[in-house]
Amino acid sequence: MRRKLIAGNWKMNGSLAANAALLNGIKAELAGQSVACGVAVCAPAPYLAQCQSELSGTTVNWGAQDLSVHESGAYTGEVSGAMLRDFGCVYVIVGHSERRTYHAESEQLVAQKTVRALQCGLTPIVCVGESLSEREAGQTDVVIGRQIGAVLAAIESADLAKIVIAYEPVWAIGTGKTATPEMAQQVHQALRVRLREKNSQAAALVQILYGGSMKPDNAKDLLAMPDIDGGLIGGASLKAEDFLAIVRAA
Ligand code: 13P
């Protein structure tokens, strides 16, 4: 049985004061409770120290939104996986569609970043997802197959159980449009079939999250699907109340 994971992706939002209020709200609710699902927040790099000091010793994990493909050296502006580990990160998002689109991250680079994250002892949350025009052209399976295929080709089969996948249809991100539970389940199931080709035992263990306008009012139905193992939450992760409602739904 896979444990569900609810991870917030704060994107480029927050401030010391706003994060403190958000994290205190989350901690206050979860303190002393046995939480059935995993809970994590993925913060902008400058706030990882704040996450570390606020969340150490709690049931909430934290992570980053990207990492450098390089180990160290003359790469101005980049943040390495080892640095993320230094600040206690458990997770790192890799290949979010906003990075693929605005920073021209190729399938190859996303695959290499996944490998780098694993080498650094981080759990990569590898994002895949089709655009609206790709869905309308009936290309969803092809696009997702290509995106996940590049990652699967790059990792060792023994490492498959160490990654998390997030299916995030690009047309559902920040738009208020959500994939129906059935639409999402279909893609999640296809992803799992693909994972089995790499390592059938590990495929049963990999958490496949859904992301794209997951909110308190649609989380329960999405999370009830057999291959939806949690959520990667954007907008709704910025309000403690909404984020916690999704955690409760899981
Ligand atoms: P929204 O929940 O704001 O649609 O964002 C989803 C997302 O991109 C999470 O990574």
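Small disclaimer: the values here were computed from a predicted structure and weren't measured. Just follow the structure's listing: the first ligand is 1, and inside any ligand the first atom is 1.
- Within 4.0 Å of ligand 1, protein heavy atoms belong to N9, K11, H96, E168, A172, I173, G174, G212, S213, L232, G234, G235, listed by chain and number.
- Only one option out of R192, K4, R3 pairs with D229 in a salt bridge (charged side-chain N to carboxylate O under 4.0 Å, His left out); it is R192.
- In this structure, E54 and N24 have side chains that are in contact, with non-hydrogen atoms separated by less than 4.5 Å.
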If you apply the rule side chain to side chain contact (heavy atoms under 4.5 Å, CB included), what do you find for V115 with V69, and how did you get there? CA-CA 9 Å; V115 171; V69 71; over 6 Å; no
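- Taking both residues in full, the closest heavy atoms of G129 and V143 are given as O-CG1, 4.2 Å, listed atom of the first, atom of the second, then distance.
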List, one per line, each side-chain donor-acceptor pair under 3.5 Å for residues 235-250, sequence neighbours excluded.
{"residue": "S237", "atom": "OG", "partner": "I233", "partner atom": "O", "Å": "3.1"}
{"residue": "S237", "atom": "OG", "partner": "G234", "partner atom": "O", "Å": "2.7"}
{"residue": "R248", "atom": "NH1", "partner": "E29", "partner atom": "OE2", "Å": "2.6"}

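- The pair D227-R2 meets the salt-bridge criterion, with a side-chain N (NZ, NE, NH1 or NH2) lying under 4.0 Å from an Asp/Glu carboxylate O.
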